2 protein chains.
Amino acid sequence: MSRKVREIIDLSSTLADIWRVLSEEERELIKKNARFVHYKKNEPIYIEEEQPRDLMCLLKGKVKIYKSGVGGRTQIIRMIRPIQYFGYRAFFAREPYVTAASAFESSTVCFISMELIEEMLRENGNLALFFIQMLSCDLGIADNRVVNLTQKHVRGRLAESLIFLKESYGLEEDGATINIYLAREDLANLSNMTTANAIRTLANFVNERIISLDGRKIKIIDEDKLLKISKIG
Amino acid sequence: MSRKVREIIDLSSTLADIWRVLSEEERELIKKNARFVHYKKNEPIYIEEEQPRDLMCLLKGKVKIYKSGVGGRTQIIRMIRPIQYFGYRAFFAREPYVTAASAFESSTVCFISMELIEEMLRENGNLALFFIQMLSCDLGIADNRVVNLTQKHVRGRLAESLIFLKESYGLEEDGATINIYLAREDLANLSNMTTANAIRTLANFVNERIISLDGRKIKIIDEDKLLKISKIG
DNA sequence: TAAAAACTATGTTATAAAGCACAAAAATAC
DNA sequence: GTATTTTTGTGCTTTATAACATAGTTTTTA
């Protein structure tokens, strides 16, 4: 399964965002409490219904947050990139996880006790505001997502996902290939469509010279067109 | 348009939730800063792209938070009932509103400067946690909503909306009629479907003796069945 | 309270996307 | 490195739901 990583990780640089708002004392406490766990590709990090205990910060790799819906169909809710925090919402809401998380590729996650975090943020207004801002942004994204996923057609939804992936994980050295390697099924689950439709629509985009494909690698040729398709739905 | 209400409103009872976590000093400050505005039926409270300035608390009436999507189709994102807070997310996220709000029926709203609130919560950990919890709950609801609205069929979505309305606004004296009076179009916008489909599906529910209709008044006859339809999609 | 506007109801048609099936290719396991 | 499993790619069929049309009804307004 998962094992703690042996290497000593420089927390101050990897947890940068949260680090800035902490006092020296608080930093020490966190350092003492942080645990590191490594996950293999496709290994689950937490599952639905589980009790949340830790704030998680992705240090290396890629993680997907997803939810299984009607008839076992899964919907990817968010994708996490390094130095992003996750897993804390359910703890704050005092409920079990309504989502699951798993490593997309080989990943390292830092765990910090949510009890400790909550104690700290009661005293540290900046830390509280850090979480408030993160939650507020995520809620805005979720609100947008509801409309995009329900009202746009497959082309629009897929175009949007491709742009989202590019924004999230960036491009490779060639300046065009999206820096993520994911199965058509995951792309479909991200875009709320069936795998067959994701495949078909990708093929259409290739014909229209909007993208090009090399196996699972996707190269964006005409980003403007992609943006336009995403916008008009 | 809207006018300030003249009556003196007892803040301590109407803002109950937030009041509990405030000091006497903070309460005084809020009392001095609070403004009350009355809205007529269908009057807008804020619109998309506008700059957020105030925390709003609905004192009386019903409010819908909505978003216009592709081709002008609107999606109702949340519905607010008295003593619920709204309008604060965008301020915390440092962005303009991505949603709009309007009064469903004649409503009274209390406005409190977000700058004041943010100042306070920096010092008051309980107030910070109040917002963190509210945001965390809303984000969980939004995550669920994404899956429900995208994966369930019209029957499931409508059934879910009816249950949601009952849970939110309760029943009338007869213990069966949902205590809200809304147009079929709003019901459709809440459930992500066209008005015609909302009407048709309601008619089906009547035939199946799950509900009965009297104009816009909806009486739930068989809640178990409604729950079942909502669950299976 | 009468006239205008908006909403409700229902039938018909069009269409986007799911479902299913199967062959080919690729990834993974042994 | 070969065998087995999983993924990809396409064609065909079915279906859910949107779109459109129109008449009747209710609500709003002046």
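Worth saying up front: this structure is predicted, and the values here are computed from it rather than measured. Reminder, nothing fancy here: chain letters follow the sequence lines and each chain counts from 1.
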Euclidean distance, atom [atom1] of residue [X] to atom [atom2] of [N] [Å, nearest integer]:
X	N	atom1	atom2	result
Q151(B)	dT17(D)	CD	P	13 Å
E185(A)	dT8(D)	CD	P	8 Å
L187(A)	dT8(D)	CG	P	10 Å
I199(B)	dA9(C)	CD1	P	6 Å
N189(B)	dA6(C)	CG	C1'	15 Å
N204(A)	dG9(D)	CG	C1'	12 Å
L213(B)	dC7(C)	CG	C1'	14 Å

Residues which pass side chain to side chain donor-acceptor pair (under 3.5 Å) with [X], listed by chain and number, not counting sequence neighbours:
X	answer
E185(A)	none
D224(B)	none
K219(B)	none
D138(A)	none

**Item:** Residue pair E172(B), K217(B): steps toward the salt bridge (charged side-chain N to carboxylate O under 4.0 Å, His left out) verdict
**Value:** CA-CA 10 Å; E172(B) 294 184 356; K217(B) 281 294 178 183; 2.3 Å; yes
**Prompt:** Just checking, any donor-acceptor pair under 3.5 angstrom between side chains of N189(B) and R73(B)?
**Reply:** no
**Message:** Within 45 degrees of the ring normal and closer than 6.0 Å to the centroid, is that where the cationic atom of R94(A) sits relative to F91(A)?
**Reply:** yes
**Prompt:** Which letters describe nucleotides 11-27 of chain C, given B = protein heavy atom under 4.0 Å from base, S = only from sugar-phosphate, - = neither?
**Reply:** BB----SBB-------S
**Fill in**
DNA chain D nearest-nucleotide lookup for N42(B) and A203(A): closer to the 5′ end is A203(A)
**Message:** Check the orientation of Y39(B) and F111(B). Use parallel for under 30°, tilted for 30 to 60°, and perpendicular for over 60°.
**Reply:** tilted
**Asked** To the nearest 10 degrees, what angle separates the axes at the start and end of the helix from dT1(C)-dA30(D) to dC30(C)-dG1(D), five pairs each?
**Response** 70°
**Request:** For the pair E105(B) and K62(B), evaluate salt bridge (charged side-chain N to carboxylate O under 4.0 Å, His left out) and give the outcome as yes or no after the intermediate values.
**Result:** CA-CA 6 Å; E105(B) 50 182 63; K62(B) 300 188 178 72; 3.1 Å; yes
